[in-house]
Amino acid sequence: MKVIVTKDYDGLSKEAFKVMKAVLDEKPNAVLGLATGSSPEGLYAEMVKDHEENGTSYKDVVTYNLDEYVGIDRNDPQSYYTFMNDHLFKHVDINPDNTHVPYGSTAEDAKKYDDEVKGVDIQLLGIGRNGHIGFNEPGTPFDERTHIVELTESTRDANKRFFDDDITKVPEKAISQGIGTVMDAKKILLIANGASKADAVKAMIEGPVTTECPASVLQNHPDCVVIVDAEAASKLSK
Ligand code: GLP
């Protein structure tokens with residue numbers, strides 16, 4: 001695991017962009033594993049800016065997203081599908097047919113998506129306050145594939161800010177790539193910012209590899225870069 005600590009969120013987004021850009025430069029038809037949430041917003045803004053200013057093309061890029069809520073429409077303002085279109089896809093020259101966000105509510109839907117996710121060159125991840133990656137909550141087996149998840153109270157509480165601060169509006173389930181699916185990526189880039197992530201970041205980097213902190217599995221990945229801002233790094237001992 002390579003760990004980079006930046007002064008602030010802006011620095012984090014720029015460092016993350018460098019990692020992403022290196023993959024795109026080497027392979028214009030790269031397969032990107034993408035994530036939603038507040039953490040990657042700055043990185044996506046950097047990617048859009050680079051596309052507009054330097055012409056970096058996404059026309060041959062293929063993307064697979066990590067997760068999506070169950071029970072909300074694809075075009076709902078809070079869906080992850082909408083998030084990806086708003087923050088990245090509609091601002092670059094990507095072919096919409098090459099973008100994939102999981103959708104569905106059954107084990108069959110999950111299996112079908114898992115079969116599609118192939119050859120990811122770089123998987124972008126955020127981290128939940130309880131150490132979750134994607135929507136793989138604590139206790140999820142490390143070899144699990146894409147599956148339907150019952151969201152924990154803590155995750156629904158953290159995400160209620162997107163739902164008028166009303167936890168009853170936050171979906172109770174999601175469809176998520178499993179940790180086994182995530183770990184198949186050739187390279188992993190995890191980003192985390194803010195004091196609310198400090199405990200999870202410490203457990204991920206310095207704690208034991210345990211399903212109690214799903215992100216700790218990344219210690220076993222052969223090519224994982226973690227970029228955190230000073231606040232998220234504040235509990236690291238080294
Ligand atoms: C969400 C998402 C994750 C995300 C994490 C952190 O629930 N399912 O993919 O990485 O929690 O979100 P944020 O970046 O908004 O803090």
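It should be emphasised that the depicted structure is a prediction, and the values quoted were computed from it without experimental measurement. We count ligands from 1, going down the list as the structure has it; atoms in each ligand are counted the same way.
- Of all protein heavy atoms, the one lying nearest to atom 5 (C) of ligand 1 is His132 NE2, 3.6 Å.
- Distance alone, capped at 3.5 Å, is enough to place a donor-acceptor pair between the Gln177 side chain and the Asn65 backbone.
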ring-ring contact (aromatic ring centres under 6.0 Å, His included) between Tyr69 and Tyr80: does it pass, once the steps are laid out? CA-CA 7 Å; Tyr69 290 114; Tyr80 287 170; 4.9 Å; yes

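- Here the shortest heavy-atom pairing between Phe89 and Ile94 reads O-CG2, 3.8 Å.
- Applying the 4.0 Å criterion to heavy atoms of Gly126 picks out, from ligand 1, the atoms 10 (O).
- At least one N or O atom of Arg161 sits closer than 3.5 Å to an N or O atom of ligand 1.
- With hydrogens left out, the protein atom closest to atom 4 (C) of ligand 1 is Thr36 O, 4.0 Å, a heavy atom.
- Near Gly37, the atoms of ligand 1 lying under 4.0 angstrom from a non-hydrogen atom of the residue are 14 (O), 15 (O).
- Listed by number with element, the atoms of ligand 1 under 4.0 Å from a non-hydrogen atom of Ile127 are 6 (C), 10 (O).
- Contact annotation: for Asn159 versus ligand 1, heavy atoms closer than 4.0 Å belong to the side chain alone.
- Across every non-hydrogen atom of Asp223 and Lys187, the tightest pair is OD1-NZ, 3.2 Å.
- Looking at Asp199 and Arg129, their side chains never come closer than 4.5 Å, going by heavy atoms from C-beta outward.
- Side-chain contact of Asp166 with Thr168: a donor-acceptor pair under 3.5 Å is present, judged by distance alone.
- Proximity to Asp67 (heavy-atom distance under 4.0 Å) selects the following atoms of ligand 1: 2 (C), 8 (N), 9 (O).
- With a 4.0 Å heavy-atom cut-off, ligand 1 is reached by no atom of Tyr69.
- Closest to atom 14 (O) of ligand 1 among all protein heavy atoms lies Ser39 OG, 2.5 Å.
- When all heavy atoms are compared, the tightest approach of Glu137 to His132 is OE1-ND1, 3.3 Å.
- Residue-ligand proximity, Phe135 to ligand 1, at heavy-atom distances under 4.0 Å covers atoms 7 (O), 8 (N).
- In this structure, Lys197 counts as a contact residue of ligand 1, since one of its heavy atoms falls inside 4.0 Å of the ligand.
- Asp229 contributes no side-chain N or O that, together with a main-chain N or O of Thr6, makes up a donor-acceptor pair within less than 3.5 Å.
- Some N or O of Gly134 is nearer than 3.5 Å to an N or O of ligand 1, by distance alone.
- A donor-acceptor contact shorter than 3.5 Å is absent between the side chain of His51 and the backbone of Lys49.
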